[in-house]
Amino acid sequence: MLDLQFICDELDQVRQNCENRGIQVDLDALIALRDQRRELITTGDKLRSEQKEVSGRIPKASKEEKPQLIAQGKELREQVGKVEEQQKEVEQKLRDIQSQIPNMTHPDSPVGRSEDDSVTVREVGEKPNFDFKPLDHVDLAEKLDLLDLNAGGKVAGHGFYFLKNEGVLLELALVQYAVEKLLAEGFTIMTTPDLARDEVLEGIGFNPRGNEAQIYSVENSDLNLVATAEITLGGMLKDEVVDIETLPIKVAGISHCFRTEAGAHGRATRGIYRVHQFTKVEIFGFAAPDTKLSDEFHQQILKIEEEIFQGLGIPYRVLDIATGDMGGPAYRKYDLEAWMPGRGEAGEYGEVTSCSNCTDYQSRRLNIRCKTPGTKGTQFVHTLNGTAVAVTRALIALLENNQQADGSVVVPEVLRKWVGKDRIEAR
RNA sequence: GGAGAGAUGGCUGAGAGGCCGAAAGCGCCGGAUUGCUAAUCCGGUAUGUCUCGAAAGAGGCAUCACGGGUUCGAAUCCCGUUCUCUCCGCCA
């Protein structure tokens, strides 16, 4: 959520930004509601002030005066009630509009409405040159007995899967590898709840119960299965004020992620590219409210993500995501797309990680602030997030890039200590 | 799951219908003293929001977990929710 004052002060900028991001918001209605709200506050404050004054006189008033003052107090109470009701209504409408407005955008982010407008920053690593027709991860996993999609479908429906044998070891190894890396980078690691309340989801920028919600919600409760540990890690400091000296706070969480993928039918439905549940190691940061600092932090997170894929020996490219494709909370966003030789006709890039600087967009609604000693007031912190490893997609890239002519898959050096072997052979 | 106790500022903790945005202490900031450090003394020190102001600032209102209610008036009384603690039950 953007600051209301900022929206009103910089209306043209905000309007242009909504345009760039392909979001339609009725900003004029917002301004009208803001004015209404202001008026109601002024009237309400006056009435309350009067009410306080009247009730303050009562204990000292004479017996004769009292009944009249009490009657006056009653009258004022009713008026105050009415104004407050109106104010609530107006504020609800105001908030509805306000929360549709996306974050402002980094001046260097490419402007454009679709993912095709995103800019490739760099391509890293050598794509493998196969002297045979490479298989896709589904065929590979079947040969090596790493994955059971049928069983997943039977038990929970399409989009669920069982990992088996070295598939499991690879999942655990990828998690360990990411955790080891993040520890070395000074992150505090945690495992996190796989469920979270509506208000936390909303604070992070997810819409838990809308029509096209990507979220599984639990009936008769305000809980939802999390789509990412970004939700829980960000929610961790909800309503707190931290000393600015403690920033940046660097955390990382291991969690399951659940996504309904509503409306995504038919798009890359084969295999485990688009699934309803996967394991992820997520990077999260709380930074001082200074775009220069949070941008630097953002670059650090990107660097970590890249080093993780470099370490795995998987070729990838970095995309600077276009304004229209980055989602509401992000101020700037990068994606890593790994080379997936089994995708499409002759291999394609597929998204494996992303990282965003959300500046104060999430913290404003979550009410996460920091305080600078010796100064008045508080400021909303900046939040950042990124994927260290999303297991299923990393697994796809890993299997497809490391396949051999005989159908076996070479285990990347860095994972061998956990997988316990160099190569996964067909059974 | 059952029974009970509780939630107060950055922290600890008093207050039990009006004199309470809230004692005291800690912490922090400014100053005095000080060879340095420590100690001592004095003063200041919540957040949000609206109005006025170029600003410094001044004023109104709100906030004692959250949401309702009672009352002329609620941190204080009542109801609901969330969370914490203790005991019992169950359990990996």
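To find a chain, count down the sequence lines: A is the first, B the second, and so on, and within it residues start at 1.
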Distance between C1' atoms of B:G60 and B:G21 (Å, rounded): 15 Å

Length of the CG-C1' vector between A:Asp243 and B:U45, whole Å: 15 Å

C1'-based separation of B:U76 from B:A65 [nearest Å]: 15 Å

More than 12 heavy atoms from other groups under 6.0 Å of CD on A:Gln68: no

Along RNA chain B (nearest heavy atom to each residue), the more 5'-positioned of A:Val241 and A:Ile41: A:Val241

A:Glu85 atom CD, over 12 foreign heavy atoms within 6.0 Å: no

Inter-nucleotide P distance (B:G9, B:A46), Å rounded: 14 Å

From A:Lys333 atom NZ to A:Asp325 atom CG, the distance as rounded to the nearest 0.5 Å: 7.0 Å

Sugar-phosphate only, base, or nothing, as touched by A:Leu69 at under 4.0 Å among non-hydrogen atoms: nothing

Same-atom distance (C1') from B:U51 to B:G43, integer angstrom: 30 Å

CA sep, side-chain torsions, deciding dist, call: A:Asp26, A:Gln100, side chain to side chain contact (heavy atoms under 4.5 Å, CB included): CA-CA 9 Å; A:Asp26 191 347; A:Gln100 289 168 32; over 6 Å; no

Base paired to B:G48 (Watson-Crick or G-U; both N/O distances under 3.5 angstrom): B:C61

Residue A:Lys143 excluded, over 12 heavy atoms near NZ under 6.0 Å: no

Whole-Å gap separating P (B:G60) and CZ (A:Arg48): 14 Å

Any-strand Watson-Crick or G-U partner of B:C91, both distances under 3.5 Å: none

Atom-pair distance (CD on A:Glu75; P on B:C72), nearest Å: 13 Å

Rounded interatomic separation in angstrom, taking CZ from A:Arg369 and C1' from B:G48: 8 Å

Length of the line joining A:Glu199:CD and B:U81:C1', which is rounded to integer Å: 11 Å

Nucleotide paired to B:U71 in any strand shown, Watson-Crick or G-U, under 3.5 Å: none

B:G25 and B:U81, which share atom name C1', separated by this distance in whole Å: 34 Å

Any strand: nucleotide that pairs with B:U86 via Watson-Crick or wobble, under 3.5 Å: B:A3

A:Lys52 side-chain N/O to B:C72 phosphate OP1/OP2 under 4.0 Å: no

Candidates B:C72, B:C50, B:C61 - which lies nearest the side chain of A:Ile70: B:C72

Check: A:Gln92/A:Asp96 side-chain N/O donor and acceptor closer than 3.5 Å: yes

Nucleotide B:U47, atom C1' - distance to CZ of A:Phe380 in whole Å: 11 Å

Nucleotide paired to B:C20 in any strand shown, Watson-Crick or G-U, under 3.5 Å: none

Touch class at under 4.0 angstrom, heavy-atom based, for A:Gln51 against every strand present: sugar-phosphate

A:Thr378 side chain near B:G48 phosphate (N/O to OP1/OP2, under 4.0 Å): yes

Nucleotide of B:C83, B:C61, B:G18 approaching A:Arg197 most closely (side-chain heavy atoms): B:C83

5′-ward residue of the pair A:Gln72/A:Gln5 relative to RNA chain B: A:Gln5

Pair assignment for B:G15, Watson-Crick or G-U wobble, requiring both distances under 3.5 Å: B:U8

Nucleotide nearest A:Arg37 when distance is taken to its side chain, options B:C72, B:U49, B:A62: B:U49

Spacing of the C1' atoms in B:C90 and B:G17 (rounded, Å): 44 Å

Nearest-nucleotide pick for A:Pro59, side chain only, options being B:U51, B:G18, B:G68: B:G18

P atoms of B:U86 and B:U63, separation to the nearest Å: 33 Å

Between A:Gln299 and A:Asp295, a side-chain donor and acceptor under 3.5 Å: no

Distance, rounded to the nearest Å, where A:Arg57 contributes CZ and B:G73 contributes C1': 13 Å

Pair assignment for B:C66, Watson-Crick or G-U wobble, requiring both distances under 3.5 Å: B:G80

Which nucleotide in B:U49, B:C61, B:C72 has an atom nearest any side-chain atom of A:Arg77: B:C72

Selection from B:U49, B:C61, B:G48 that lies nearest to any side-chain heavy atom of A:Asp45: B:C61

Sugar-phosphate only, base, or nothing, as touched by A:Lys46 at under 4.0 Å among non-hydrogen atoms: nothing

Shortest side-chain distance from A:Ser49, nucleotide among B:C72, B:C61, B:U49: B:C61

G-U wobble or Watson-Crick pairing nucleotide for B:A32 (cut-off 3.5 Å, both distances): B:U40

Gap separating the CG atom of A:Leu27 from the CD1 atom of A:Ile97, nearest 0.5 angstrom: 8.0 Å

Separation of B:G10 P from A:Ile244 CD1 (nearest whole Å): 16 Å

Interatomic distance at P, B:G1 relative to B:G73, whole Å: 38 Å

